[in-house]
Amino acid sequence: MNPPHPNHDPIIKTHDQLKNTVSQVVNAQTITDIHTHLFSPPFGELLLWGIDELLTYHYLIAEVFRKVNLSYHDFWAMTKSQQAELIWQTLFIENSPVSEACRGVVTTLNELGLDVGSRNLKDYRAYFADTTVEDFIDTVFDRSNVSKVVMTNDPFDPAEAPVWGSGDTGDTRFEAALRMDVLINNYEDTAYQHLRGLGYDVDPYLSSKKSYKEVRRFLEMWIQRMNPKYMAVSLPPDFQYPHDGVLGRLFDNCILPISREFNVPFALMIGVKRAVNPQLKMAGDGTGKADLTSLETLLRENQDNKFLVTLLSRENQHELCVIGRKFKNLMIFGCWWFMNNPSIIEEITRERIELLGLSVIPQHSDARILDQLIYKWKHSRQIIADVLIEKYKSLIDVKWTLTQSEIERDVNNLFGGNFERFLKGV
Ligand code: HDL
Ligand code: ZN
């Protein structure tokens, strides 16, 4: 009986061989990071990078208030440097930086070759002061082995829109996603006036065919301008579909038809409770378990549409996997936000592979600060590799003839191939 594979592609036989091969393949795999809040240089101040931005990441702002005796008002009155120094002193010096967001800063400093042991914030600041943003982008993409990131682009953001108007959004490693939270979640109090101001003849309750047509024209314009990989919206846990209000009329008469017409998938990020504690500003959002019957209905009634979905509640993750088994027009992605912690990434990745095999996008970074690509992907690669090793181990233990090229194929699919194929598929 001929061996199933040519000799140049060795069959993995031992656990040590497997562990080494999977770790090497996962680390060597370039990644398409399908959801971030990063921006390319032409977006100016919107592109965040450097130690003070890392330390004032909203995750760390939420954590520092649990340790410091300071009013919200006094914290927000501080400069960014003062906030960074307070967070460094409180969460890194007076306490060990063991939370995922703290650990990420330490991992990043180490990966950049800085002396973590010095704990000298001045030295870290000097490193960043010494480099240009263009050089640092190359350093970060190289160190994190990320090939492309998808931004989060808000056409209603006055800081962003002019850059799109200029036609130069710079570095091709930064791709676009058309974010529609304002249009969908704030149509009546924000989007309506904004659209009217731009000359779109829409009514205040989006209740006319004319308005549907105008919103489609708005979406078409931004799709032509941004060439987005997908359109996206974050939704509260009580998201309902079908829906007899503005959201339902936007979905059915505008977004879903345009998504099909331009073959631009619709990404739903469900489960966020905005401003649970408004005094924390961006750090004040919370999470809630969603009723996924609405997602099932949306998928069932729109089988010619493609949906990317990530959920914010741990309690929803298993149900999402089961729904993934029912609908091929659903691509499950990432361990979003409060899910992006080692214990939950491991749990979610394991249950996804057990229920869905290799037909998911296991992770995105959600990076807000460029440097974060380094730690978010170093941490996640390790966890995902460990789950893959466990699953492959059970195969080779029953003599499945697994080869390195098959592992490379699988890992390439997980970290970019599945996304590209899902986008292309019609
Ligand atoms: O809505 C989103 O895309 C979330 O990711 C929020 O931006 C959140 O603030 C975040 O950065 N999570 O990681
Ligand atoms: Zn995000």
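All heavy atoms count here, side chains included; hydrogens, waters and symmetry mates do not. Counting starts at 1 for both ligands and their atoms, following the listed order.
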Original post:
F266 vs F307 aromatic rings, parallel, tilted or perpendicular, using cut-offs 30° and 60°?
Top reply: tilted

Original post:
When you measure from the centre of the six-membered ring of F422, is the NZ or CZ of K306 under 6.0 Å away and within 45° of the axis?
Top reply: yes

**OP:** Verify whether the ring centers belonging to F333 and F419 lie closer than 6.0 Å.
**Re:** no

**OP:** Mind telling me whether Y192 and Y187 have parallel, tilted or perpendicular rings, with 30° and 60° as the class edges?
**Re:** tilted

**OP:** Determine, step by step, whether N413 and R421 satisfy the side-chain contact (heavy atoms from CB on, under 4.5 Å) criterion, reporting the C-alpha distance in whole Å, the side-chain angles of both residues, the deciding distance to 0.1 Å, and the verdict.
**Re:** CA-CA 9 Å; N413 282 333; R421 222 180 350 275; 2.8 Å; yes

Subject >> N, O or S atoms of the protein lying under 2.8 Å from the Zn ion (ligand 2) >> reply: H35 NE2, H37 NE2, D366 OD1

**OP:** Would you check the N or O atoms of Y59, main chain and side chain alike, for any that come under 3.5 Å of an N or O of ligand 1?
**Re:** yes

Subject >> Minimum-distance protein heavy atom relative to atom 4 (C) of ligand 1 >> reply: W336 NE1, 3.5 Å

Original post:
Do D138 and R173 meet the salt-bridge criterion of a basic N to acidic O distance under 4.0 Å?
Top reply: yes

Subject >> Region of K376 that comes within reach of ligand 1 [heavy atoms, distance under 4.0 Å] >> reply: neither

Original post:
Strictly under 4.0 Å, does any heavy atom of H364 approach an atom of ligand 1?
Top reply: no

Original post:
Using the benzene-type ring in the case of Trp, are the ring centres of F39 and F174 under 6.0 Å apart?
Top reply: no

**OP:** List the closest protein heavy-atom neighbour of atom 7 (O) of ligand 1: residue, atom name, distance to the nearest 0.1 Å.
**Re:** R368 NH2, 2.6 Å

**OP:** Within a distance under 4.0 Å of any heavy atom of D366, pick out the atoms of ligand 1 and give their elements.
**Re:** 5 (O), 12 (N), 13 (O)

Original post:
Relative to atom 10 (C) of ligand 1, which among M269, R179, Q372, H58 owns the nearest non-hydrogen atom?
Top reply: H58

**OP:** May I ask you to check if ligand 1 and H35 share an N or O to N or O distance below 3.5 Å?
**Re:** yes

Original post:
If you measure from the Lys or Arg side-chain nitrogens to the Asp or Glu carboxylate oxygens, is any gap between E100 and R103 under 4.0 Å?
Top reply: yes

Subject >> K376, K378, R143 screened by salt bridge (Lys or Arg N to Asp or Glu O under 4.0 Å) with E111, the one that passes >> reply: K378

Original post:
Is the cationic atom of R314 (NZ for Lys, CZ for Arg) positioned less than 6.0 Å from the six-membered ring centroid of F338 and within 45 degrees of its normal?
Top reply: no

